[in-house]
Amino acid sequence: MRTISVIGSTGSIGTNTLDVVEHLGDLRIAALAAGRNVDLLARQVERFRPELVSCSDENCAAKLEGLLGSRGIPLPRIAYGEAGLEAAATLDEVEIVVSAAVGAVGLLPTLRAVEAGKRVALANKEALVIAGELITKAAERSGAEILPVDSEHNAIHQCLRGERRGEVKRLILTASGGPFRKCSQDRLDRATVDEALDHPNWKMGEKISIDSATLMNKGFEVIEARWLFGFEADRISVIVHPQSIIHSMVEMVDGSIMAQMGVTDMKHAIQYALTYPERKANCLEPLDIARLTQLTFEQPDMERFPCLGLAFSALKAGGTMPAVLNAANEISVQAFLDREIGFTDIAEINQEVMGGHEPVPADTLERIRAADLSAREAAAKVVSSRSVERMPAVV
């Protein structure tokens with residue numbers, strides 16, 4: 001029985017992972033790591049009885065201990081903060097680490113799991129966006145496997161099974177287009193948080209839902225694909241596919257295009273990463289091809305959705321620029337969720353912060369973190385200035 005650690009267990013990917021583990025029946029949860037959702041984490045501990053549990057901080061750890069004690073549940077080892085994330089990612093008996101935390105917080109546990117030679121089922125795309133070169137070199141040294149959980153990269157991984165790299169022309173990532181695919185620029189300027197969160201195809205957390213609405217998520221996936229599969233930016237393209245049935249494609253040098261199709265449910269990609277190279281029956285209804293009435297495609301509009309272009313620019317600039325883009329985006333997205341800025345301000349703030357950064361090699365964790373911190377501070381200043389501008393005048 002293989003043992004698993006889930007980083008980000010209370011999020012969308014984390015909860016789906018635990019459902020998949022329960023369905024498969026031949027995997028054991030040895031560690032869980034989450035943030036501040038202690039109530040759900042306590043229920044997960046009761047359900048799976050891990051040896052190690054980590055949460056956000058000391059107060060959350062104390063609350064978790066109290067909840068478990070009140071229910072008569074034997075206490076696991078409880079940790080918190082970065083040390084807790086590292087412990088969950090490197091526990092000796094763990095063979096597979098599901099990296100599903102949201103944002104830059106997932107970088108350290110992902111890197112440590114890779115350094116420890118674990119199989120990493122990667123849903124935290126920010127880790128490779130921020131430190132793709134650092135992580136892939138660590139995997140080469142340790143022999144760690146990195147298997148993508150993002151549906152698009154998971155699809156590409158499936159399409160490339162058994163293929164020769166020299167016969168691949170390009171990778172094609174599909175995008176749904178998000179909730180504003182057909183909206184005018186004027187409508188985007190007035191977009192609300194609730195509208196941006198209302199994704200037409202996928203049920204996701206707030207951060208990734210906003211990133212999908214701006215197409216920043218697809219931009220990050222381009223950067224992630226570069227490091228997962230080793231293809232440069234000019235061999236990675238994006239096509240809008242509103243139905244989200246084809247999850248991604250690979251074009252070969254002879255013109256053949258291989259596509260991976262499936263239902264819009266993350267459990268498929270999660271199970272693939274956990275059981276690879278085996279395939280096992282899953283708990284999902286199969287895709288009913290006979291009921292598909294249309295599969296349509298269109299080019300992404302980078303004028304209305306400039307975040308996608310910013311990601312290509314960051315990838316081409318290299319070094320610490322992708323880390324800066326990610327940091328600025330985390331700050332600007334949160335500001336939008338907090339109703340401090342408008343929807344189109346997100347891309348403008350990201351671009352402004354990138355314009356003020358001179359990239360350096362992203363070859364150490366210290367350099368990456370310094371760039372990340374500097375970008376967050378710069379983005380926060382821009383957000384503050386725009387928030388003041390949006391405030392109504394006092395008369």
Side-chain angles (χ1 to χ4, degrees), residues 2 4-24 26-27 29 95-102 106 110 113 118-129 144-163 171-176 199-205 207-209 211-212 217-218 220-229 236 238-239 241 243-250 258-287:
R2 305 188 79 176
I4 294 182
S5 172
V6 183
I7 311 295
S9 66
T10 57
S12 175
I13 296 296
T15 54
N16 275 297
T17 297
L18 296 180
D19 288 343
V20 170
V21 167
E22 207 162 46
H23 162 74
L24 291 172
D26 59 353
L27 300 167
I29 300 295
E95 298 169 83
I96 304 173
V97 175
V98 178
S99 176
V102 177
T110 301
K118 311 290 188 184
R119 168 181 289 188
V120 176
L122 185 65
N124 175 255
K125 61 175 60 65
E126 291 87 354
L128 287 184
V129 169
E145 288 182 293
I146 302 176
L147 290 170
V149 169
D150 268 343
S151 60
E152 295 80 2
H153 302 94
N154 190 271
I156 289 172
H157 191 279
Q158 294 189 52
C159 289
L160 290 176
R161 287 179 69 151
E163 298 298 330
L171 312 180
I172 307 171
L173 298 170
T174 57
S176 71
H199 195 280
N201 298 342
W202 299 92
K203 183 178 180 181
M204 305 176 290
K207 167 63 165 55
I208 191 172
S209 294
D211 284 347
S212 293
N217 185 57
K218 203 55 50 180
F220 285 157
E221 288 176 2
V222 169
I223 300 173
E224 185 181 7
R226 185 263 176 271
W227 295 110
L228 279 171
F229 305 112
I236 305 171
V238 173
I239 193 77
H241 170 50
Q243 295 82 23
S244 296
I245 296 298
I246 293 177
H247 296 148
S248 276
M249 297 174 274
V250 173
M258 291 184 289
Q260 189 270 335
M261 304 169 67
V263 294
T264 54
D265 194 307
M266 290 305 301
K267 289 186 178 70
H268 184 279
I270 292 167
Q271 180 169 309
Y272 177 89
L274 295 181
T275 64
Y276 178 82
E278 295 180 79
R279 291 185 185 268
K280 296 185 178 183
N282 61 35
C283 56
L284 302 174
E285 289 293 324
L287 179 66

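Numbers for residues simply follow the sequence, beginning at 1.
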Worksheet item: Heavy atoms, side chains only, cut-off 4.5 Å: are Leu173 and Ile156 in contact?
Response: yes
Worksheet item: Taking atom types as modelled and ignoring hydrogens, do the side chains of Tyr272 and His157 form a donor-acceptor contact shorter than 3.5 angstrom?
Response: yes
Practice prompt. Kindly give the heavy-atom pair with the smallest separation between His153 and Ala225, and that separation in Å.
Written response: NE2-N, 3.5 Å
Worksheet item: Taking atom CD of Gln260 and atom OG1 of Thr174, what is their separation to the nearest 0.5 Å?
Response: 9.0 Å
Discussion item. As an exercise, state the distance from NE2 of His268 to CZ of Arg279, rounded to the nearest 0.5 Å.
Written reply: 6.5 Å
Worksheet item: Which value, rounded to the nearest 0.5 Å, describes the distance between Asn16 atom CG and His23 atom NE2?
Response: 13.0 Å
Worksheet item: Is there a donor-acceptor pair under 3.5 Å between the side chain of His241 and the backbone N or O of Ile246?
Response: yes
Worksheet item: Do the side chain of Asp150 and the main chain of Glu152 share a donor and acceptor less than 3.5 angstrom apart?
Response: no
Fill in: Side-chain touch Arg119/Glu95, heavy atoms, less than 4.5 angstrom
no
Worksheet item: Quick one: NZ on Lys267 to OG1 on Thr17, what's the gap to the nearest 0.5 Å?
Response: 9.5 Å
Item to complete: Grab the two heavy atoms, one from Leu18 and one from Ser9, that are nearest each other, plus how far apart they are.
Response: CD1-O, 4.3 Å
Discussion item. Is a donor from one side chain sitting under 3.5 angstrom from an acceptor on the other, for Ser99 and Thr110?
Written reply: yes
Worksheet item: Listed by chain and number, what are the side chain to side chain contact (heavy atoms under 4.5 Å, CB included) partners of Val102, not counting sequence neighbours?
Response: Lys207
Item to complete: Give the minimum heavy-atom separation between Arg161 and Pro277, together with the two atoms involved.
Response: NH2-O, 3.1 Å
Worksheet item: If you measure from CD1 on Ile172 to CD1 on Ile239, what distance do you get to the nearest 0.5 Å?
Response: 7.5 Å
Discussion item. Would Leu24 and Gln271 count as a side-chain contact (heavy atoms from CB on, under 4.5 Å) here? Give the steps.
Written reply: CA-CA 9 Å; Leu24 291 172; Gln271 180 169 309; 3.7 Å; yes
Practice prompt. Would you indicate whether the side-chain heavy atoms of Ile208 and Lys125 approach each other to under 4.5 Å?
Written response: yes
Item to complete: For residues Ile270 and Asp19, determine if any side-chain heavy atom of one lies less than 4.5 Å from a side-chain heavy atom of the other.
Response: no
Discussion item. Leu122 vs Glu224, test: side-chain contact (heavy atoms from CB on, under 4.5 Å). Steps then yes/no.
Written reply: CA-CA 10 Å; Leu122 185 65; Glu224 185 181 7; 3.8 Å; yes
Practice prompt. Grab the two heavy atoms, one from Leu128 and one from Trp227, that are nearest each other, plus how far apart they are.
Written response: O-CD1, 3.5 Å
Fill in: Nearest atoms (heavy-atom pairs only) where Ala100 meets Gly14
CB-N, 4.2 Å
Response to the item:
Value for OH (Tyr276) from CG (Leu147), rounded to nearest 0.5 Å, stands at 7.0 Å
Worksheet entry | Contact check, side chains of His199 and Ser176, non-hydrogen atoms, under 4.5 Å | yes
Discussion item. Less than 4.0 angstrom from a charged side-chain N to a carboxylate O is my criterion; do Lys280 and Asp26 meet it?
Written reply: yes
Item to complete: Return yes if some donor-acceptor pair links the side-chain N/O of Arg226 with the main-chain N/O of Ile236 below 3.5 Å, else return no.
Response: no
Fill in: Nearest non-hydrogen partners of Asn154 and Ala273, listed with the distance
ND2-N, 4.4 Å
Practice prompt. Answer yes or no: is there a side-chain heavy-atom contact under 4.5 Å between Glu22 and Cys283?
Written response: no
Worksheet item: Out of Leu27, Val97, Val20, which one pairs with Ile4 under the side-chain contact (heavy atoms from CB on, under 4.5 Å) rule?
Response: Leu27
